[in-house]
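The structure under discussion appears below in the form of structure tokens.
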Amino acid sequence: MAGGEVSDSCSTSGLTSNSGHVGLTDPQKSPEDENLKSPASQDTQDLKSVLVTSVLNLEKLDVDLYRGTHHWVPRTQRLFGGQIIGQALVAAAKSVSDNFYVHSLHCYFVRAGDPKVPVLYQVDRTRDGRSFTVRSVKAIQHGQPILICQASFQKLQSSPLEHQFTMPSVPPPEDLLTTEELIHFHLSKPDLAENAKKGLNKLLANEVPIEIKPINPASFYRFAPSEPRRLFWGRARGHIGEGNTKLHCCVAAYVSDFALLGTAMLPYPKYRAEFSASLDHAMWFHNTFRSDEWMLYECESSWAGSSRGLVQARIWRRDGVLAASCSQEGVLRVKPVPEASKL
Ligand SMILES: CCC(=O)SCCNC(=O)CCNC(=O)[C@H](O)C(C)(C)COP(=O)(O)OP(=O)(O)OC[C@H]1O[C@@H](n2cnc3c(N)ncnc32)[C@H](O)[C@@H]1OP(=O)(O)O
């Protein structure tokens, strides 16, 4: 995602000063909040995820050559980075045997993706080893690479060396509101400014195949400076089921690019990103998980400078198992928020 007023693809900016400050009071969910639920969030968890039926369902054109189409396109009208990574990983996995599991991927976004044409994925079978197998994938549009990705797969190999950090203690997803429910909450306020209403309704019209529940909505939406750290529950919208392990990694790769980069903007509510785009993205998969079940994203930005921000994320299963780790650097070209829009 690039350009525009948002700091990442989470499209949360409708709640920020751009559309007018809507005075978030950090609502927590209670039984009477049920009527805040949008119809979409009530029933779509029963439907098959569009990520599986469409976005990650690549068309085979030739040996190691696939075509992917788009589902949700950010309003920047550049392709969503998570979609390109997810599709690249699907293409890579197609030539890898079932007993090898993806353990890492490293990608560079070298050009903006064009939503008007499909993306071709060309796979190079870099190496097939006894324990590890490596694939390189080039995502191509208009004859030029838009993403280069390397993915590595490993056979299951047990080891006496096993450790992980401890998952932070946070409220369960059932006690929190989705971003759509938070928007409905603000839309129900009688004193909401017209421009804020417009911005929020635009956000609701987005058909993002991801659900997010911020742990602390006030810091998520950047109303006051905060440390560059945020936590949220996230999952693919719709049902995927047990499926295969690789497919869940492809879906997680899609989801993981959605709300990372904005973490680097949290200390700077007086600035908005007039241009933001992820430059590179790396993931390491540690344990099996279901990408259609709530996972805790613990994101922190260790550094920002030189018009770039670096963000790391740990992605937890709700039973406390560390499922994956992720790192991303993005370009962040900012400008001050105009005084008037803070009213
Ligand atoms: C958050 C999750 C996401 O999904 S992000 C989506 C995935 N990532 C991407 O699409 C990024 C793809 N990569 C790219 O677009 C390029 O590699 C980027 C990052 C833009 C490389 O930047 P750069 O070398 O500056 O490209 P460019 O010369 O084509 O310029 C692009 C636009 O930026 C502007 N620009 C350039 N330099 C500056 C500067 N120093 N200060 C201010 N603006 C600058 C250029 O004028 C150009 O703007 P415009 O597009 O013409 O409006």
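Read the numbers this way: they start at 1 and go in the same order the structure lists the ligands and their atoms.
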L260 near ligand 1, heavy-atom distance under 4.0 Å? no
May I ask you to list the atoms of ligand 1 that are less than 4.0 angstrom from any heavy atom of L79? 6 (C)
List every atom of ligand 1 that sits less than 4.0 Å from any heavy atom of L279, numbering the atoms from 1 in the order shown and giving each element. 19 (C)
Judged by heavy atoms only, the candidate from H281, K335, R333 nearest atom 44 (C) of ligand 1 is R333
Candidate pair R237 and E180, rule salt bridge (Lys or Arg N to Asp or Glu O under 4.0 Å), full reasoning: CA-CA 12 Å; R237 201 184 284 283; E180 288 83 8; 2.8 Å; yes
Take atom CG in D191; do more than 12 heavy atoms of anything else shown fall under 6.0 Å from it? yes
Is there a nitrogen or oxygen of V331 sitting under 3.5 Å from a nitrogen or oxygen of ligand 1? no
Regarding ligand 1, does R78 bring an N or O atom to under 3.5 Å of one of the ligand's N or O atoms? yes
With sequence neighbours left out, write down each residue that passes ring pair (Phe, Tyr, Trp, His ring centres under 6.0 Å) with Y108, or none if nothing qualifies. none
Any side-chain to backbone donor/acceptor pair from S49 onto L51? Under 3.5 Å, distance only. yes
Taking only Lys NZ, Arg NE, NH1 and NH2, and the carboxylate oxygens of Asp or Glu, determine whether R67 and E59 approach each other closer than 4.0 Å. yes
Could you work out, for atom 2 (C) of ligand 1, the closest of V110, D257, T76, I85 by heavy-atom distance? D257
Run the numbers on R308 and D280 for salt bridge (Lys or Arg N to Asp or Glu O under 4.0 Å), then give the verdict. CA-CA 11 Å; R308 305 193 315 277; D280 59 3; over 6 Å; no
Option nearest atom 7 (C) of ligand 1 (shortest heavy-atom distance, choices F275, F109, F258): F109
Return each pair, listed once, that meets ring pair (Phe, Tyr, Trp, His ring centres under 6.0 Å) where at least one residue sits in residues 290-337; pairs must be two or more places apart or across chains. F232-Y297
Contact atoms of ligand 1, heavy-atom distance to F80 under 4.0 Å: 4 (O)
